[in-house]
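Only this structure's heavy atoms are used, side chains among them; waters, hydrogens and symmetry mates stay out. Note that the structure is a prediction, hence the values are computed from the model and not measured.
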Amino acid sequence: MAYRALTDNEIFILENNNCWAEDWSKIEVDEDGFQPKFLHRVIFYGDIRLGAFEKNVEVSKGFFKHSGINDATLRNVTVGNNCLIEKIGNYIHNYTIGDDCLIANVSVMETTEGATYGQGNVISVLNEAGDGNIIMFPELSSQFAALMVKHFKDKDLKNAIRRLVSEEIARLTPAVSTIGNNVKIVNSKEITNTIIHNDCEISGASRLCDCTILSSEHANVYIGTGVICENSIISEGSSIINSAKIQDCFIGETCHIANGFTASQSVFFANSYMANGEACAAFCGPFSVSHHKSTLLIGGMYSFYNAGSATNFSNHAYKMGPLHHGTLERGCKTASGSHVVMPATIGAFSVCFGKITNHPHTEALPFSYIIAYNEEPCIVPGRNIATVGLYRDVRKWPKRDLRPQSSQKSIINFEWLSPFTASEIVRGKNTLKALKKASGATSDCYIYNGYTIKASSLDKGIQLYDVALRIYMGEMLKKAKHLDILDKPLEQHSINVWSDLGGLLLPDYEEQRILEDIKSGSLETIEDVNDRFKEINSNYYRYAWDWTRFLIEHYYGSKDISETIEAQIIDDYNDALKTWISEICKDAEKEYSMGDVDKEVLEDFLEKLEQENSNTIIN
C-alpha cells in the first residue's frame, strides 16, 4: 500500500469531526482511498497509518455499517483497508491491523515491551514439578512435542531443538502485535501482546495476553464469552468458548475447549475436545476427549482417549511432590469414577474401572479391562477387542477429523491394528501362555503383577489375541499386494520396536535417525523435521510390511511367503474376521438385553456390521 501525508483540507475535516492528533504530520494515509469523513471522535498519538474506507462492514447478519473509525484512541497503529473500529474504551497501542476487520466495544489492545506472543514459552508436561520439556512455537506438531517429552533428558537434543525453535521464532515474529485480514473482535476486554491471524472471531473474551492465534480462511478460530488465554498458542480451526481458562498451553488444530474448562502447562492436539473439567501438565494427543465437570487430567499422556465422568489422575504422593506421571496408550478409556494413581502405564485400547492404586504397567496386555472395584483388582485380558465400543471408535475417528488439508500439522495414523499394537498383542499372548504354564492349566485363577486373571478370562484372552493377530496379518497381506510390496527387499534384519509418537506410528530406528539428524544439524529447520515426519508416515506400509513378514515367519514357521502360506493366511484371516464379527454381535445383543436400546437400533447396527465386513472377506 502506498501512503501519503494528510492534506490541510483532510485535517480540517478531521478536526470538525472532533478528531485530534498529537502531531498531524505523523499520520500517513492511503494515497487513493482515504476519506476523512468516516472518522469521528478519534485521538491519534505517535505514528499512524490509515488505509482506505470505501466499503461497508457486516457487523451482524444482514446489518452493515460503513467502514471507518469512531470513538477510539490510537497510538502507533497501522490500520488496513475497509476496517470498522469503534467504541474503544481505552486505547489501541502498538498494533498493525489488516484489511476488512471489525473491532468494536473493546477495552484495550496493546503491545508492551518484552512481548513473546506465547512463542518460545517452555512448559513442563507430565512431570508437573520438572524442568520444562516442551518449547511452544506455531508449527508445533504432536510428533515434535512427543519427541521433546520422550527425549527431554538428552541435553544435546534439547539444545539443538532450542536452536531450531529460536531461529523459527526470530524469522516469523513481528516487531509489534498484528491482526490479519477479516478479523472480528467485539465486546471484549483486554487483548495484550497477541498476534491474531486471518478470519479469526473474538466475541466477549475477558483477556488474551501473550498469545498467538493461528486462524486461517478455511480453518478459522473462534474465541467466545468470558475466555481467558495467557501465554498460549491456538491453532487453526479451534474454538475456545464459554469462560474457558487457558494458561501456558498449546491448542492444536480443530480442538474445542469449552464450558469453564481450565488448563495449565498442557498441550492438546488434533480434534481434542475438552469441556467442564481440568487439565494440568497433560499431554493430550489426537482425539483426546473429556466432557465432565469433575474430571481431572494431570500428569498423563493420552491419545484417542475418552475420560468418563469423575475420572481423576493422582500425581502427588505427598512425599517428594507432584512428580509422578504415566501413559495411557492410544485408544484407552476410563469409566465413570475411575481414579488412576501415577506412575502407571496402561496398554493400548484398554479400559480402566475403579480406583487403581498399585501403579500398573499393562502394556504387555493391551485391549484389556483393568478393574479395581474391590480389594482384589483383576484384569480381563483382550476383552476390548470384541466390543461394540472399539468397533465404533476405530471407525468414527477418521470421519471426525475436521481439519482441512491445508491445516494438518499433526500426523494421525488411524490404524488400530499396527506393528505397535500387534507387537503388544504378541507379548500379551505369550504372557498369558507363560502364566498358564507356570501355574498349571487346572488353576482357577492366575496372578499378574498383583492382578487376578480368572482362568476363563485367560483362555478367552489368548483366543482374542490370536483373532486380532490373524486379522492384522490378513489385512497387511491385502495391503502389501495392493501396493505391490509383497516381495520388496527388507529394510531391517530384525524385528524392530515400534513407537506411537503422538499419533505417528513408526519403527524405533527411524525415530533414532531423527534424533541424530537433529543433533548433527542435518535437519536444519523446523520444516525439515516436520517433512521427515511426513516422509516416515508416507512409508508406513512399507515399514509395517517388513515387521509383518517377521511376524508371519514366527507364526507360520516359514521365511518365505509361498502360495501355500499365503492361502493359509487368507483362510485364517477369514475365519478370524467371522469370529470377531460374531463376538461384536454378541456384545451388541448383550447391550440390547439391558432394555434401553431400541430393537431398530440393534438391527440397524447388525445389518451395517454385516455389510461392512462382507466386503472385507478375501475370496
Arg513 side chain to Tyr509 side chain, donor-acceptor N/O pair below 3.5 angstrom | no
Output yes when Glu363 and Arg427 qualify as a salt bridge under the 4.0 Å nitrogen-oxygen rule, no when they do not.
-> no
May I have the step-by-step check of side-chain hydrogen bond (donor to acceptor under 3.5 Å, both in side chains) for Thr112 and Asn193, ending in yes or no?
-> CA-CA 6 Å; Thr112 62; Asn193 303 334; 2.9 Å; yes
Geometric class of the Trp416/Phe349 ring pair [parallel <30°, tilted 30-60°, perpendicular >60°] | perpendicular
Does the side chain of Asn181 come under 3.5 Å of the side chain of Asp199 through a donor N or O and an acceptor N or O?
-> no
Please round to the nearest 0.5 Å and tell me the distance separating atom OG of Ser215 and atom CD of Glu201.
-> 10.0 Å
Could Arg171 and Glu167 be called an ion pair, given the rule that one side-chain N must be under 4.0 Å from one carboxylate O?
-> no
So with a 6.0 Å cut-off around NZ of Lys519, is the heavy-atom count from everything else above 12?
-> yes
Looking at Lys409 and Glu253, does any basic side-chain N land under 4.0 Å from a carboxylate oxygen?
-> no
Would you say Ser238's side chain and Ile234's backbone share a donor-acceptor pair under 3.5 angstrom?
-> no
For the side chain of Asn259 and the backbone of Asn276, is there at least one donor-acceptor N/O pair under 3.5 Å apart?
-> no
Indicate yes or no: at least one non-hydrogen side-chain atom of Asp248 is less than 4.5 angstrom from one of Glu230.
-> no
Please determine, by modelled atom types, if Tyr95 and Glu110 share a side-chain donor-acceptor pair under 3.5 angstrom.
-> no
Would you check if Phe367 and Arg383 make a side-chain contact, meaning some heavy-atom pair closer than 4.5 Å?
-> no
Fit a plane to each ring of Phe283 and Phe269, take the angle between them on a 0 to 90° scale, and name the class: parallel (under 30°), tilted (30 to 60°) or perpendicular (over 60°).
-> tilted
Can you tell me if Tyr305 and Ser272 form a side-chain donor-acceptor pair at under 3.5 Å?
-> no
Chi angles and distances behind the side chain to side chain contact (heavy atoms under 4.5 Å, CB included) call for Val221, Ile196 | CA-CA 9 Å; Val221 171; Ile196 303 169; over 6 Å; no
Between His359 (side chain) and Pro343 (backbone), is there a donor-acceptor pair under 3.5 Å?
-> yes
Answer yes or no: is there a donor N or O on one side and an acceptor on the other, between the side chain of Thr111 and the main chain of Ser177, under 3.5 Å?
-> yes
Glu190-Thr192 side chain donor-acceptor pair, cut-off 3.5 Å = yes
Modelled atom types, side-chain donor and acceptor of Gln119 and Thr212, under 3.5 Å = yes
Answer yes if the side chains of Ser336 and Ser309 hold a donor-acceptor pair under 3.5 Å, and no otherwise.
-> yes
Would one find more than 12 heavy atoms of other residues, nucleotides or ligands at under 6.0 Å from atom CZ of Arg392?
-> no
Would you sort out whether Ser203 and Ser188 count as a side chain to side chain contact (heavy atoms under 4.5 Å, CB included), showing the intermediate values?
-> CA-CA 6 Å; Ser203 180; Ser188 298; 5.8 Å; no
Those residues at least two apart in sequence (or on a different chain) that pass ring pair (Phe, Tyr, Trp, His ring centres under 6.0 Å) with Phe137 are Phe144
Are any side-chain N or O atoms of Asn539 and backbone N or O atoms of Glu535, one a donor and one an acceptor, separated by less than 3.5 Å?
-> yes
Calculate, to the nearest 0.5 Å, the distance between atoms CE and SG belonging to Met274 and Cys284 respectively.
-> 4.0 Å
Can you tell me if Thr548 and Tyr472 form a side-chain donor-acceptor pair at under 3.5 Å?
-> yes
Run the numbers on Thr116 and Asp210 for side-chain hydrogen bond (donor to acceptor under 3.5 Å, both in side chains), then give the verdict.
-> CA-CA 6 Å; Thr116 66; Asp210 274 301; 3.3 Å; yes
Pick out which of Ile161, Leu126, Leu140 makes a side chain to side chain contact (heavy atoms under 4.5 Å, CB included) with Ile134.
-> Leu140
Close side-chain approach of Thr194 and Ile179, heavy atoms under 4.5 Å | no
When rounded to the nearest 0.5 Å, the distance separating CG of Asn413 from CG of Leu506 is 10.0 Å
Side chains of Ile240 and Ile251: closer than 4.5 Å at any heavy-atom pair?
-> yes
So do Asp131 and Ser124 actually touch side chain to side chain, heavy atoms under 4.5 Å?
-> no
Please answer whether the main-chain N or O of Ala348 pairs with a side-chain N or O of Glu329 as donor and acceptor at a distance below 3.5 Å.
-> yes
Is it true that atom NE2 of His218 has more than 12 heavy atoms of other residues, nucleotides or ligands lying nearer than 6.0 Å?
-> no
Just checking, is any N or O donor in the side chain of Glu511 or Ser499 under 3.5 Å from an acceptor N or O on the other one?
-> yes
Judged by atom type as modelled, is there a donor-acceptor pair below 3.5 Å linking the side chain of Ser303 to the main-chain atoms of Gly502?
-> no
Decide yes or no for Asn312 and Thr295: does some side-chain heavy atom of the first lie under 4.5 Å from some side-chain heavy atom of the second?
-> no
For side chain to side chain contact (heavy atoms under 4.5 Å, CB included), just list the numbers for Phe414 and Val394, CA-CA rounded to whole Å, side-chain angles, deciding distance to a tenth of an Å, and then say yes or no.
-> CA-CA 7 Å; Phe414 291 100; Val394 299; over 6 Å; no
Are Gln247 and Asn231 close enough that a side-chain donor and a side-chain acceptor fall under 3.5 Å?
-> no
Is the Phe287 to Phe268 ring centre distance short of 6.0 Å?
-> no
Rounded distance [0.5 Å steps], CG in Asn306 versus OG in Ser288 | 9.5 Å
Is the number of heavy atoms from other residues, nucleotides or ligands within 6.0 Å of CD (Gln512) greater than 12?
-> yes
Judged by atom type as modelled, is there a donor-acceptor pair below 3.5 Å linking the side chain of Thr327 to the main-chain atoms of Thr345?
-> no
For residues Pro377 and Asn358, report the shortest heavy-atom separation together with the two atoms involved.
-> CG-ND2, 4.3 Å
Report the distance from atom CG of Leu390 to atom OG1 of Thr387, rounding to the nearest 0.5 Å.
-> 5.0 Å
Heavy-atom check, side chain of Ser206 versus side chain of Ile228, under 4.5 Å = yes
In this structure, are over 12 heavy atoms from other groups packed under 6.0 Å from Lys150 atom NZ?
-> yes
Is the cationic atom of Lys479 (NZ for Lys, CZ for Arg) positioned less than 6.0 Å from the six-membered ring centroid of Tyr541 and within 45 degrees of its normal?
-> yes
Flag yes if more than 12 heavy atoms outside Asn159 fall under 6.0 Å of its CG atom; otherwise flag no.
-> yes
Would the number of heavy atoms belonging to other residues, nucleotides or ligands and lying under 6.0 Å from NZ of Lys155 be above 12?
-> no
All ring pair (Phe, Tyr, Trp, His ring centres under 6.0 Å) counterparts of Phe353, not counting sequence neighbours | Tyr369
Do Ile536 and Ile514 have side chains that get closer than 4.5 Å, going by heavy atoms?
-> yes
Any donor-acceptor pair under 3.5 Å from Ser266 side chain to Ala282 backbone | yes
Atom pair OG (Ser232) and CG (Asn121), whose distance is rounded to the nearest 0.5 Å = 7.5 Å
N/O donor-acceptor pair under 3.5 Å between Ser166 side chain and Arg162 backbone | yes
